[in-house]
Amino acid sequence: MNSSGSTDQRPLLNIALFGPPGAGKGTQSEKIIQRYGLVHLSTGDLFRKHIKEQTALGLKAQSYINQGALVPDEITIGMVDEKINDSPEAKGFIFDGFPRNVNQAKALDRLLNAKNCAISTMISLEVPEDELKTRLKQRAKISGRVDDQDPKKIQTRLDIYAEETLPVAAYYYQQEKLMKVNGVGSIDEIFREICTALDPLQS
Ligand code: AMP
């Protein structure tokens, strides 16, 4: 609802940033936020914050994350709903690491519909698996993330991505919202390609 009490809303730029672990979603999110003034909603970051603060949600999520498994949908979707509601003045959101399965994608559509808005586009960062593994190995040295340290856990995350998350791209393709971007290249080159997709969507 806006300040006048009406449920009419100006169109928001809501982006789902999609790609396997190590595709560069976090890096590109930062640049997108700077240019388009969106609220960053990274489910991975939110979970890590909950874990650090030892909240009830963090304690529930921790074991799944440490194994490289997906956190159950009801926990994840509830957390996203709360974050959207915490940002009533947002010009739009960048969803990073969410939705990660088709059930979450449908839930996100319902959450946004209830606010008279929708996903504007899904940007899919395309990176070959060999390159992802190399990047994740590098990231493990500095991220301190438990799920980056063990090659088995990395493989689990890549397998889950292939089985559960890839169908989300087909879901948005059917809605004519899928935009593929080559995720190999310099950070600025990749960002330029993203901007080419996003600039025309700005109202
Ligand atoms: P990320 O930082 O996006 O790589 O996420 C780190 C971990 O958090 C994932 O491996 C999952 O265990 C969990 N996670 C993040 N986003 C989701 C999601 N949308 N659904 C379920 N689990 C998630």
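Heavy atoms only: backbone and side chains are in, while hydrogens, waters and symmetry mates are out. Note that the numbering runs from 1 along the sequence shown for the chain. Each ligand, and each atom within it, is numbered from 1 in the order the structure gives.
Contact annotation: for S42 versus ligand 1, there are no heavy atoms closer than 4.0 Å. For K25, no heavy-atom contact with ligand 1 is shorter than 4.0 Å. Contact annotation: for R145 versus ligand 1, heavy atoms closer than 4.0 Å belong to the side chain alone. Contacts between I65 and ligand 1 below 4.0 angstrom, taking non-hydrogen atoms only, involve backbone and side chain alike. The proximity of D147 to ligand 1, defined as any non-hydrogen pair under 4.0 Å, is limited to the side chain.
Below 4.0 Å from some heavy atom of R48 lie the following atoms of ligand 1, by number and element: 2 (O), 6 (C). Residue Q104 approaches ligand 1 through these ligand atoms, each under 4.0 Å from one of its heavy atoms: 18 (C), 19 (N), 20 (N), 21 (C). Residue contact check: G97 has heavy atoms under 4.0 Å from atoms 16 (N), 17 (C), 18 (C), 19 (N) of ligand 1. Short contacts between ligand 1 and T76, defined as distances under 4.0 Å to a heavy atom of the residue, involve ligand atoms 18 (C), 19 (N), 20 (N), 21 (C).
By heavy-atom distance, the residue among K153, R100, E164, R157 lying nearest atom 5 (O) of ligand 1 is R100.
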Show the numbers, then the answer: is there a salt bridge (Lys or Arg N to Asp or Glu O under 4.0 Å) between K152 and D150?
-> CA-CA 5 Å; K152 268 195 220 136; D150 175 354; 5.7 Å; no

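Considering every non-hydrogen atom in both L125 and K25, the closest pair reads CD1-N, 3.9 Å.
The closest protein non-hydrogen atom to atom 23 (C) of ligand 1 is F47 CE1, 3.7 Å. Atom 16 (N) of ligand 1 has T43 OG1, 2.7 Å as its closest protein atom, hydrogens excluded (heavy atom only).
The closest side-chain heavy-atom distance from V39 to K83 is below 4.5 Å.
Polar contact with ligand 1: present for V71 (N/O pair, distance under 3.5 Å). An N or O contact shorter than 3.5 Å links A69 to ligand 1 by distance.
R100 contributes atom CZ, which lies 11.5 Å from atom CG of D73 (distance to the nearest 0.5 angstrom). Atoms CG and OH, from N101 and Y171 in turn, are 11.0 Å apart once rounded to the nearest 0.5 Å.
Linking ILVMFWY residues whenever their side-chain heavy atoms come closer than 4.5 Å, directly or via other members, places L166 and V168 in the same cluster.
Checked options F98, Y161, Y173, Y172; the residue passing with F18 is Y161 (criterion: ring-ring contact (aromatic ring centres under 6.0 Å, His included)).
In this structure, K52 does not pair ionically with D45, as no charged nitrogen and carboxylate oxygen lie closer than 4.0 Å.
Judged by distance alone, the side chain of R135 and the main-chain N or O of A23 form a donor-acceptor pair under 3.5 Å.
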